[in-house]
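Quick notes on the structure that follows.
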Amino acid sequence: MATNKVLLSKGIKYLAWALPLLFIGPAIIYNAFINTDNVWHYAVLAVGIIACIAAVYFMFKGLQTMVKGLFND
């Protein structure tokens, strides 16, 4: 049983994109809740939520790709 190194590295790249988003998303959401008197409150909150959703998507896609690379699905 050989490992597909191309898929494995692609999965690691997805996880590398997810890692900064895991920290940036909640920080942006926190910033939006602190500055509720600002006009851009809802826009900043939307960007933070989108960053968190993107982090979860990239984590799922990265783990799925790595499993495909490891088990040759």
Side-chain angles (χ1 to χ4, degrees):
M1 185 165 92
T3 302
N4 190 346
K5 293 183 182 177
V6 175
L7 280 177
L8 193 62
S9 66
K10 190 175 180 182
I12 291 173
K13 287 179 187 177
Y14 279 126
L15 290 178
W17 277 102
L19 185 64
L21 289 175
L22 285 171
F23 294 102
I24 292 171
I28 292 173
I29 291 173
Y30 176 75
N31 191 6
F33 281 126
I34 291 298
N35 297 320
T36 56
D37 56 341
N38 196 345
V39 181
W40 294 96
H41 166 69
Y42 292 112
V44 173
L45 183 62
V47 169
I49 291 171
I50 289 171
C52 287
I53 291 171
V56 170
Y57 172 76
F58 282 132
M59 284 178 51
F60 174 75
K61 193 70 171 169
L63 289 174
Q64 183 182 26
T65 307
M66 286 178 66
V67 167
K68 283 182 183 177
L70 286 172
F71 296 116
N72 292 326
D73 284 342

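We number each residue from 1, following the sequence as shown. Keep in mind that the numbers below use all heavy atoms, side chains included, and drop hydrogens, waters and symmetry copies. This is a predicted model, so every value here is computed, not measured.
- One hydrophobic cluster, built from ILVMFWY side chains closer than 4.5 Å, holds both L8 and F71.
- Within the model, atoms NE2 of H41 and CG of N38 stand 9.5 Å from one another, a figure rounded to the nearest 0.5 Å.
- Atom NZ of residue K10 and atom NZ of residue K61 lie 7.5 Å apart, to the nearest 0.5 angstrom.
- In this structure, G25 and A51 approach most closely via the heavy-atom pair CA-CB, 3.8 Å.
- Put simply, L63 and L70 are part of the same group of oily side chains (I, L, V, M, F, W, Y) that touch within less than 4.5 Å, one to the next.
- Nearest heavy-atom pair, M66 versus L15, reported as atom, atom and distance to 0.1 Å: SD-CD1, 3.5 Å.
- In the hydrophobic clustering of this structure, Y30 does not group with I49; members are Ile, Leu, Val, Met, Phe, Trp, Tyr whose side-chain heavy atoms approach within less than 4.5 Å, directly or through other members.
- At a threshold of 4.5 Å between side-chain heavy atoms, the hydrophobic network of Ile, Leu, Val, Met, Phe, Trp and Tyr places I24 and V47 in one connected group.
- Here the closest non-hydrogen pair linking A18 and A55 is CB-O, 3.7 Å.
- With rounding to the nearest 0.5 Å, the separation of CG in L45 from CG in N31 is 10.5 Å.
- Under a hydrophobic clustering in which Ile, Leu, Val, Met, Phe, Trp and Tyr are joined whenever their side-chain heavy atoms come within less than 4.5 Å, directly or via other members, I28 and I50 fall into different clusters.
- From Y57, atom OH reaches atom OH of Y14 across 6.0 Å, with rounding to the nearest 0.5 Å.
- The minimum heavy-atom distance linking F33 with T36 is given by the pair O-CG2, 3.1 Å.
- Two residues are said to be in side-chain contact when any heavy atoms from C-beta on lie closer than 4.5 Å; V44 and N35 fail this criterion.
- Contact detail for L21 and A54: the closest heavy-atom pair is CD1-CB, 3.9 Å.
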